[in-house]
Each structure stands twice: as structure tokens, then as C-alpha cells.
Colleague: 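Below you will find the structure I want to go over with you.
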Amino acid sequence: MTTLRSESIGAGETAAVGPRVGVLALQGDFREHAHLLARLGAHVSLVRRPEELATVDGLVIPGGESTVMDKLSRAYGLAEPLKRAIAGGLPVYGTCAGLIMLADTILDAIAGQQTLGGLDVVVRRNAFGSQNQSFETDLDIPALGDEPVHAVFIRGPVVESVGPAATPLAALPDGRVVAVEQGNLLGTSFHPEITGEYRFHEYFLGTVRNRTLNG
Ligand SMILES: NC(=O)CC[C@H](N)C(=O)O
């Protein structure tokens with residue numbers, strides 16, 4: 001297992017070793033998540049195998065390409081352990097492709113694409129168009145405080161419908177939902193890990209700590 005200790009990101013910026021958080025490292029921008037989590041004081045490890053998943057108290061599924069993560073997670077024998085962990089209450093935060101992996105239903109999936117599920121939502125892949133239609137905007141997210149969240153969308157999904165078990169956390173001005181939570185699960189269509197926005201990760205670490213404390 002690759003362990004990123006907080007010391008590795010620079011002296012003086014670190015906190016004591018905190019909750020054990022894994023970042024699914026099959027594909028995508030897992031390094032950005034790992035560095036941000038380490039900076040926030042988490043004890044971070046990269047997860048590629050079931051044995052590595054078993055050692056963490058929370059997991060981040062990064063942005064990237066959900067079709068590739070789906071195939072690799074099945075090839076590495078991780079998909080079923082991940083589903084069991086999610087059903088067992090493991091806190092998981094998915095950004096962009098990670099949100100797609102957590103959604104119960106995917107629209108515009110490729111043939112045979114599977115999802116881990118857990119979030120009672122329907123998401124549409126690539127809902128904002130291609131890479132060159134990527135955009136940035138500020139979102140008001142009361143759950144994270146008064147300061148707006150600067151959100152970057154890169155071929156992101158939109159949450160087309162939110163079932164009764166899930167709660168929308170953020171929407172675009174036109175009402176389209178782009179962040180949701182459900183119990184220990186959190187998902188965003190955008191990428192806080194690349195803008196220096198740390199509040200989603202901090203919020204997620206709070207969930208991980210609570211669950212660790214309360215068993
Ligand atoms: N930035 C991203 O994570 C893009 C997600 C990608 N379009 C997918 O379907 O997985």
C-alpha cells in the first residue's frame with residue numbers, strides 16, 4: 001500500500017495523524033485528493049486492492065473516467081468489496097466520475113457500464129457537453145457556510161433526479177442539482193480538489209470522524 005503521510009507535503013503544514021482515509025487510485029485525479037486530505041490532517045492511503053480498502057475508515061472516489069474505473073474495479077476484484085463497504089456504512093465521497101460510480105442509476109452510460117450504487121439518485125454523464133464546454137461558477141452551499149464554493153465542471157454529470165433517501169446540497173442557478181448527500185455518502189459533479197476548496201473534504205472528514213467515534 002502507498003501511504004502518503006502528511007509530512008510529505010511540506011513541513012509546518014500538517015496536523016497529527018488523523019482518520020484513515022483511502023483514495024481509490026485506479027484512475028483519475030486521486031493524487032489531488034490525497035494531498036488535500038493529508039493537508040487537512042487525514043492519514044491517507046491509496047486503495048487499489050480489497051486488502052487496502054479493508055484498512056480505511058472512509059474513501060474518496062476521484063474524478064476521472066467512470067467507465068474506466070468501473071472496468072478496473074471489477075478487474076481488480078474491488079467492485080464487490082466496495083459495494084459491501086458502502087452498504088455497511090463506510091463514508092464515501094465521490095467527485096464527478098466518483099459521483100457517477102456512487103449513483104444508483106446512470107443515464108448515457110456506455111454499454112455494460114455498472115455502478116457501485118448507494119446514492120438514491122439518477123445522474124446523467126457528460127451532461128454539460130465535451131471537455132471544451134468545461135466551465136467554472138460560484139455556488140451557494142449553505143451547509144458549508146456563507147462563502148460561495150468555486151466549482152469547476154469538467155465533463156461532469158448532473159443529478160437529474162434525487163430520490164427520497166438522498167438530499168440535494170447544491171444546485172446551479174437553473175435548478176440542476178450538482179451536489180448530494182445521503183447518510184455517509186457525499187457526491188459532487190464538480191472538483192473541489194483542484195481549486196483549493198477544502199470545505200467538502202473537511203465536511204467529509206467530519207463524517208468519517210463521527211462514524212469512527214460512534215462505532
Ligand atoms: N471529470 C470527470 O470526472 C468526468 C467524468 C466522466 N465524464 C465520466 O463519465 O466518468
Side-chain angles (χ1 to χ4, degrees), residues 21-37 44 46-48 58-76 78-79 82-83 86 92-139 141 149-162 166 168-172 176-182 185-201 203-204:
V21 179
V23 183
L24 189 66
L26 299 173
Q27 189 267 336
D29 73 339
F30 53 86
R31 289 181 195 83
E32 285 78 358
H33 282 284
H35 282 104
L36 179 48
L37 289 161
V44 183
L46 301 182
V47 171
R48 297 191 177 96
L59 182 75
V60 170
I61 306 182
E65 179 48 57
S66 59
T67 55
V68 176
M69 278 186 225
D70 166 43
K71 283 191 185 133
L72 291 178
S73 65
R74 287 189 272 143
Y76 284 41
L78 254 181
L82 280 168
K83 286 183 200 169
I86 292 167
V92 183
Y93 173 27
T95 61
C96 204
L99 165 60
I100 296 170
M101 297 288 287
L102 287 176
D104 281 346
T105 307
I106 309 173
L107 302 177
D108 291 341
I110 65 164
Q113 181 172 358
Q114 296 179 21
T115 165
L116 301 169
L119 277 176
D120 183 15
V121 297
V122 178
V123 299
R124 184 177 295 280
R125 289 181 62 233
N126 302 337
F128 302 102
S130 60
Q131 187 89 7
N132 57 15
Q133 289 164 292
S134 298
F135 66 100
E136 303 183 22
T137 190
D138 285 337
L139 300 171
I141 306 185
V149 167
H150 188 66
V152 175
F153 292 82
I154 306 167
R155 288 187 308 118
V158 80
V159 180
E160 286 220 345
S161 74
V162 181
L169 281 184
L172 293 169
R176 286 184 292 176
V177 173
V178 290
V180 287
E181 73 175 333
Q182 179 178 336
L185 304 179
L186 177 65
T188 57
S189 303
F190 49 89
H191 292 271
E193 73 279 9
I194 62 173
T195 56
E197 169 60 60
Y198 61 88
R199 286 172 291 172
F200 271 101
H201 291 75
Y203 186 78
F204 175 65

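Whatever order the structure lists ligands and atoms in, that order sets their numbers, starting from 1.
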Colleague: Flag the pair Glu65 and Arg125 as a salt bridge only when some basic side-chain nitrogen lies within less than 4.0 angstrom of an acidic carboxylate oxygen.
Modeller: yes
Colleague: Between the protein and ligand 1, which nitrogen or oxygen pairs come in under 3.5 Å, and how far apart is each?
Modeller:
unit_1   : atom_1 : unit_2 : atom_2 : d
ligand 1 : 1 (N)  : Ile154 : O      : 2.9
ligand 1 : 1 (N)  : His191 : NE2    : 2.9
ligand 1 : 3 (O)  : Gly64  : N      : 2.9
ligand 1 : 3 (O)  : Gly64  : O      : 3.1
ligand 1 : 3 (O)  : Ala97  : N      : 3.0
ligand 1 : 7 (N)  : Asn126 : OD1    : 2.5
ligand 1 : 7 (N)  : Arg155 : O      : 3.0
ligand 1 : 7 (N)  : Arg155 : NH1    : 3.3
ligand 1 : 9 (O)  : Ser66  : OG     : 3.2
ligand 1 : 9 (O)  : Arg125 : NE     : 2.7
ligand 1 : 9 (O)  : Arg125 : NH2    : 3.1
ligand 1 : 10 (O) : Ser66  : N      : 2.4
ligand 1 : 10 (O) : Ser66  : OG     : 2.9

Colleague: Which residue pairs pass the ring pair (Phe, Tyr, Trp, His ring centres under 6.0 Å) test with at least one member in residues 98-124, sequence neighbours excluded?
Modeller: none
Colleague: Listed by chain and number, what are the ring pair (Phe, Tyr, Trp, His ring centres under 6.0 Å) partners of Phe135, not counting sequence neighbours?
Modeller: Phe128, Phe153
Colleague: Atom NZ of residue position Lys83 - does it have more than 12 heavy atoms of other residues, nucleotides or ligands inside 6.0 Å?
Modeller: yes
Colleague: Would you call the rings of Tyr93 and Phe204 parallel, tilted or perpendicular, where under 30° means parallel and over 60° means perpendicular?
Modeller: tilted
Colleague: May I have all residue pairs that pass salt bridge (charged side-chain N to carboxylate O under 4.0 Å, His left out) and include part of residues 98-120, sequence neighbours excluded?
Modeller: Asp108-Arg124
